[in-house]
There are 2 protein chains.
Amino acid sequence: MNPPAPYYQHQGITIYRADCFEVLHTLEGVGAYVTDVPYSSGGAFRGDRMFSTLSKYASSDSSQQAGIGFTGDNRDQRAFLAWCSLWMSAARGAAADGATFATFIDWRQLPTITDAIQAGGWVWRGVGVWSKKFGRPRDGGFSGACEFLPWASHGSLVESGAYPSGAFEYSPPPVSRRHHLAEKPLPVMEWAMANVPAGALVVDPFMGSGSTLVVAKRRGLRAIGIDVDERQCEIAARRLSQDMLPGLELEDLDAGELEGPALLPLEQAEG
Amino acid sequence: MNPPAPYYQHQGITIYRADCFEVLHTLEGVGAYVTDVPYSSGGAFRGDRMFSTLSKYASSDSSQQAGIGFTGDNRDQRAFLAWCSLWMSAARGAAADGATFATFIDWRQLPTITDAIQAGGWVWRGVGVWSKKFGRPRDGGFSGACEFLPWASHGSLVESGAYPSGAFEYSPPPVSRRHHLAEKPLPVMEWAMANVPAGALVVDPFMGSGSTLVVAKRRGLRAIGIDVDERQCEIAARRLSQDMLPGLELEDLDAGELEGPALLPLEQAEG
DNA sequence: GCCGAGAATGAATCCATCC
DNA sequence: AGGATGGATTCATTCTCGG
């Protein structure tokens, strides 16, 4: 099979505007997958509002009550597991021996993701933690201060000479300064990719605004980003075209504004 | 039903030397469960789980294998899920409305524990993270720097006026200075119990060396600790008898040595 | 009591050998 | 074969101890 025509291609970095399955089936020799799977939306299953509603149910005490759409909740959860298992399996089919896999996820979907990782044939190796330092406070409960990075390998873990910590602390910039609602700050992405060996091909099946590619480019890695949304592809391409002199700190790149015509704001549905 | 005779009882703190089921079925009005369930973890290979806790978890570098191990750590996945569901369900049967539940666990068993929490009828609310700052390094992978604190409530979450963070960073003291191999430092326990409202009855079904009770006593809470191992009961009782003047810092209490005769190490057979 | 240099450590993991 | 055992490995942080 051949991949679709690239949306962007320059200096070892390629962007495809496509569903990830279309591209994953055409790849081989992938050394690492690093991504941020969408879990609060996703055209594959349901509209954003519907999913939010269900999440709201699940987060209330109403799961103990009668009359809630339990089957609907359940089916969404199952569909998410099935869909993740499928794309993770497709990803593994394109992976080189010893390839690594990592995706960001929130606490609620973490168990589903670790099931999907193993269902997809990956060897689950651990869970990294990104601490944002602050989360929304909760009277009588713990704030949601962390996001999780379950990671895995295709077969034996290959030594890369890197020993990243399982915990990383970094305060994210305000939403107003992000290119994407769920955007991961570049230092956080750099941490998540710290164990990727030199020369590896990195693939992000849910590219979003392209933080994975920006870090890959800085490190001189080959990389492929995939996103169904053309606006995200454009944003990512513009970020890659920015000045990336080594003297620039990642934080500065994060704060850099994109040149060119203004882009339409993203609708909520993209979160 | 009546509980067994207490092993220790003083100033609102009670210790039972018993299997937790024996006691849980006799309780009522419990405001919070805070515990550290035996992980039944220790490696991806079948054989690795079968070792004693000392050889599984204590540093293999140090030839000193003296110390106190603990029991009930050898269950396989299915049995661990079933057993946890049972005791969590029994615990919920004794819980007051709005009671909270929290247990420490490692990354490998986290999904199993969140399943058990929900199977036991609790409403899963989130996952706290204790960062030890440093874990054993892994070439090509992330270190295991964190332990996790999934938490839940019995029905609606009750406001307690406390807003603890979902992340807590603290370096544990070396094994040689602990009362229990898996002992949680007092500042970590204090964080894990930060949302427990004043006046609540706290129960720890797997007391170990009694850190939960020590923090409860400091906070003026009523508390019940349960452990099958009489040596742990004795250690906990001694810790509770130590000087706990408010002027003393928790770190100092951690470092305090216990008076009385030395304890025998646990035999390998029990591991 | 404070500070710096050197030593020790880790709720592992993986693999080569034994039985 | 397959389970059990023993040993080598890793480095940021903490601990120990002397000055």
Considering just the side-chain nitrogens and oxygens of B:Arg108, establish if one lies under 4.0 Å of OP1 or OP2 belonging to C:dT13.
yes
Taking the six-membered ring for Trp and the full ring for Phe, Tyr or His, determine whether the centres of B:Phe101 and B:Trp122 are under 6.0 Å apart.
yes
Check whether NZ of the Lys or CZ of the Arg B:Lys184 lies under 6.0 Å from the centre of the six-membered ring of B:Phe104 and within 45 degrees of that ring's axis.
yes
Rounded to whole Å, please give me the gap between CG in B:Asp139 and P in C:dC15.
13 Å
Is a donor-acceptor contact shorter than 3.5 angstrom present between the side chain of B:Lys132 and the base of D:dA12?
no
B:Ser171 side-chain N/O to D:dT14 phosphate OP1/OP2 under 4.0 Å
yes
Between D:dT16, C:dT13, C:dG10, which nucleotide gets closest to the side-chain atoms of B:Val175?
C:dG10
I would like to know whether B:Asp204 and B:Thr35 meet side chain to side chain donor-acceptor pair (under 3.5 Å); could you show each step before the answer?
CA-CA 5 Å; B:Asp204 184 346; B:Thr35 193; 2.5 Å; yes
Which nucleotide in the list C:dA11, D:dT16, D:dC11 gets nearest to the side chain of A:Tyr163?
D:dC11
Need one value for B:Trp107: base, sugar-phosphate or nothing, where a base atom within 4.0 Å counts as base even if backbone is also close, heavy atoms only.
sugar-phosphate
In sequence, state the C-alpha distance, the side-chain angles, and the governing distance for B:Asp139 and A:Tyr163, and then conclude on side chain to side chain donor-acceptor pair (under 3.5 Å).
CA-CA 5 Å; B:Asp139 196 338; A:Tyr163 297 82; 3.1 Å; yes
How close or far is atom P of D:dT10 from atom CZ of B:Arg138, stated in whole angstroms?
14 Å
With a 3.5 Å limit on both atom pairs, tell me what D:dT10 is paired to, counting Watson-Crick and G-U wobble, or say none.
none
Consider the side chain of B:Lys133, meaning its heavy atoms from C-beta on, and name the nucleotide among D:dT13, C:dG10, C:dA11 that approaches it most closely.
D:dT13
For B:Tyr39, report the nucleic acid contact type (base, sugar-phosphate, nothing); a contact means any heavy atom under 4.0 Å.
base
